[in-house]
Amino acid sequence: MTDNGTRERSFRIGQTEIAARPLAPGLYLVATPIGNLRDISFRALATLAAADAVLAEDTRTSKTLLAHYGISTPLYPYHEHNAEQMRPKILGKLREGGKLALISDAGTPLVSDPGYKLVAEVVAEGLPVTGIPG
């Protein structure tokens with residue numbers, strides 16, 4: 001936390017702390033590693049660190065990734081069992097200028113997870129969606 005109570009936006013590679021630049025509002029589809037945590041891009045790490053929240057299919061898997069890189073962004077579940085309830089809340093946050101990252105268990109979101117309907121609704125509302133390679 002900073003002196004004014006806001007969260008530091010950074011990630012860590014080994015012992016090196018790297019500041020994450022602010023994001024523009026929108027939904028970020030962030031690809032995550034399949035098998036080896038080191039197979040992730042700096043851009044993906046910076047996006048996860050700078051987001052207001054990370055939406056994850058399985059928070060247990062995602063916690064491991066965030067903890068490994070010292071990322072303290074709040075993590076919320078978004079999966080097939082809660083998608084109908086979560087989508088309106090997520091859309092509301094995006095309409096308010098939120099910066100949200102969507103990740104799947106591994107790989108690129110939307111290939112085989114419940115993010116498709118969310119992205120379709122975000123696009124239909126004319127809100128920004130950005131793909132971030134992992």
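None of these values were measured; they are calculated from a predicted model.
- The shortest distance between side-chain heavy atoms of Val129 and Val123 falls below 4.5 Å.
- Here Ala83 pairs with Tyr78, Arg87 under the side-chain contact (heavy atoms from CB on, under 4.5 Å) rule; sequence neighbours left out.
- For the pair Met86 and His79, the minimum side-chain heavy-atom distance is 4.5 Å or more.
- A 4.5 Å side-chain heavy-atom check between Ile90 and Leu102 finds every atom pair outside the cut-off.
- Rounded to the nearest 0.5 Å, atoms CG (Leu100) and CG (Leu91) are 9.5 Å apart.
- For the pair Pro133/Arg43, a side-chain contact is recorded, criterion being any heavy-atom separation below 4.5 Å from C-beta on.
- Using a 4.5 Å cut-off on side-chain heavy atoms (C-beta onward), Leu29 and Ile132 make no contact.
- The number of heavy-atom neighbours closer than 6.0 Å to CD of Glu80, taken from other residues, nucleotides and ligands shown, is 12 or below.
- One finds a salt bridge joining Asp52 and Arg9 here, because a Lys/Arg side-chain nitrogen approaches an Asp/Glu carboxylate oxygen to under 4.0 Å.
- A 4.5 Å side-chain heavy-atom check between Thr130 and Thr47 finds every atom pair outside the cut-off.
- A distance of 9.5 Å separates CZ in Phe11 from CD1 in Ile40, rounded to the nearest 0.5 Å.
- For the pair Val54/Ile103, a side-chain contact is recorded, criterion being any heavy-atom separation below 4.5 Å from C-beta on.
- Sequence neighbours left out, the pairs with a member in residues 13-35 that pass side chain to side chain donor-acceptor pair (under 3.5 Å) are Ser10-Glu17.
- Between the side chain of Ser62 and the backbone N or O of Ala56, no donor-acceptor pair lies under 3.5 Å.
- Contact of the Ile71 side chain with the Leu48 side chain is registered, since non-hydrogen atoms from C-beta on lie closer than 4.5 Å.
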